[in-house]
Number of protein chains: 2
Amino acid sequence: MSWFEKDVVVDEKESAFLAEYDPRDYPPVAVTVDVVALTIRAGVLHVLLVERGRPPQQGRWALPGGFIRPGEDLPEAARRELAEETGLSPRAHIEQLATYGSPERDPRMRVVSISYLAFAPDLPDPEAGSDAAAAAWHPALRPPELAFDHARILADGLERARAKLEYTPLATTFTGETFTISELRGVYETVWGVPLHAGNFHRKVLSVPGFVEATGHSTISGGSRGGPRAKLYRAGDARLLHPALLRPTETEQEEAR
Amino acid sequence: MSWFEKDVVVDEKESAFLAEYDPRDYPPVAVTVDVVALTIRAGVLHVLLVERGRPPQQGRWALPGGFIRPGEDLPEAARRELAEETGLSPRAHIEQLATYGSPERDPRMRVVSISYLAFAPDLPDPEAGSDAAAAAWHPALRPPELAFDHARILADGLERARAKLEYTPLATTFTGETFTISELRGVYETVWGVPLHAGNFHRKVLSVPGFVEATGHSTISGGSRGGPRAKLYRAGDARLLHPALLRPTETEQEEAR
DNA sequence: CCAAGACATTCTCAATATGAGAATAACTTG
DNA sequence: CAAGTTATTCTCATATTGAGAATGTCTTGG
């Protein structure tokens, strides 16, 4: 139960105040949501971008996003933008990333942007929406030049994604319904950008309670380049990984040279 | 260098667009910052609250905060609110927590609030500011009934603080310039709400590179209830703790019963 | 069909990190 | 001065992790 469902005291004085209250007395600020939607295609991390169809910065690529609507909640707006501009499934994991509000970030007026981070399994190429001339997946580490401060937002989203893989089972949101341990390892290697020890990764994933659960099935055939058929798993019910699956540290990587 | 310092192409079409652009075409939204300022007083975690001096919800306690000003950056607004309403030092650690924008969260109009989390060493009682009838430290775990959705914001801030102690040296921002290992342990025990093993904590803190560095000095006298004089340390230069200092897990706590 | 190479899965071993309990010694207060 | 507290260091058993390797199953190219 949230506060506004309780008996909030609204006496005469407060009623009078609300009646004469003029929202236009406050400095105008526009509020938008922007979405950093990530997926993995052909072993490379990709981010969804739209080509701006109108000024400012027309023709440049930007994160999908737009103004929030009256009566619309923030996560709702983020999901709408994602679906609207790209036709993406509304089931993708989505979480708030951060809010950007530097006074100079948009030349039109004061714009405060609440960014969201979304993870999705490999999806078909998106459809262009009304606001965008085009929408497409781009390599997340080598994107085209981005509009506004979206390069910074993307960088923050990538770092959040890398960190989240450590202590949550979110890597499974990049895979299909079922997956092999190797596919899961591929997600980690792609997002972190480092190769992992196959044997240790296997041991670790199976030892963390609730990370994955066996389906009892195996792949129909071995890998395209050989190897036995792998067991298939699905996401478990854990929301946090205990103990966490930590990235190799810098010192360890230096030692490996 | 940020994007707006670069050669952004502003052609005639874009200039024309900017000229005829009317910010008032967008639905009115007010943007505020709210600050969850935490400190430890007498071994208890406290949060800074102000008593609302005007409707709505006049008389209720709320997090310090207010509308952002034109041309003012978000972190800047958070620091200003903290200093303005309470006289707190602007040097306290402050970081963005999350943004709340449910359409029903304020009866006046659509209000989007960007919350900030601040840690400060024990400070004197604050002064009331212009917007607040009173400002005071309250126990963070048993606060008075809070206005709007501030109880939820406080809860999120507390969880963030607990998590941050694990992998960052932020506990040192709750202490003075120098501190003993026991004082540092006290911070962890207070924020996490669990007793820690003194010996293991001591070993851990000294083994994590860059967490603390010795000053070469010791306390003038032993603790108020006895014990030897303790060595004094200051915060080290690490920004992250490797390996992290993890909270006891639920299962471990259950086992200890 | 066969040999070579790829890959899933399981093990072994050494190095680290952690939880518990305890030993030592330096201070406090009554 | 005795008793109780606390800082600091150790010991030992248990987990966790990094590396390297062994095994057996498959795919691909002759």
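As the structure is a prediction and not an experimental result, all values here were calculated from the model.
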Checklist outcome for this item: Under a 4.0 Å heavy-atom cutoff, the residues of residues 220-230 of chain B touching DNA chain D are B:R225, B:G226, B:G227, B:P228, B:A230

Next on the checklist: Short of 4.0 Å, heavy atom to strand atom, which residues of residues 203-214 of chain A count as contacting DNA chain D?
Outcome noted: A:R203, A:K204

When the distance from [atom1] of [X] to [atom2] of [N] is rounded to whole Å, what number comes out?
X      : N      : atom1 : atom2 : result
B:F201 : C:dA17 : CZ    : C1'   : 16 Å
A:Y188 : D:dT17 : OH    : P     : 12 Å
A:K231 : D:dG24 : NZ    : P     : 15 Å
B:L246 : D:dA15 : CG    : C1'   : 13 Å
A:R247 : D:dG18 : CZ    : C1'   : 18 Å
B:Y233 : D:dA7  : OH    : P     : 12 Å

Next on the checklist: One pair to check against side-chain hydrogen bond (donor to acceptor under 3.5 Å, both in side chains): A:Y100 and A:D34. What are the steps and the verdict?
Outcome noted: CA-CA 10 Å; A:Y100 303 81; A:D34 288 312; over 6 Å; no

Next on the checklist: If the cut-off is 4.0 Å, is A:H202 near the phosphate of C:dT9, judged by side-chain N/O to OP1 or OP2?
Outcome noted: yes

Checklist entry - Distance check: side-chain N/O of A:R185 vs OP1/OP2 of C:dA8, anything under 4.0 Å? => result yes

Would you check if the side chain of [X] reaches a backbone N or O of [Y] as a donor-acceptor pair within less than 3.5 Å?
X      : Y      : answer
A:E183 : A:T180 : yes
A:R160 : A:Q96  : yes
B:H150 : B:L63  : yes
B:E145 : B:R60  : no

Item to check | Of all pairs that satisfy salt bridge (charged side-chain N to carboxylate O under 4.0 Å, His left out), the ones with a partner from residues 222-236 of chain A, not counting sequence neighbours | outcome: A:E213-A:R234

Item to check | Whether over 12 other heavy atoms sit under 6.0 Å from B:R162 CZ | outcome: yes

Checklist outcome for this item: Test side chain to side chain donor-acceptor pair (under 3.5 Å), reference A:K164, set A:E159, A:H93, A:E95, output is A:E95

Checklist entry - Can B:R79 and B:E76 be counted as an ion pair, charged N to O under 4.0 angstrom? => result no

Checklist outcome for this item: Ranking C:dC7, D:dT16, C:dG21 by distance to the side chain of B:N200, first place goes to C:dG21

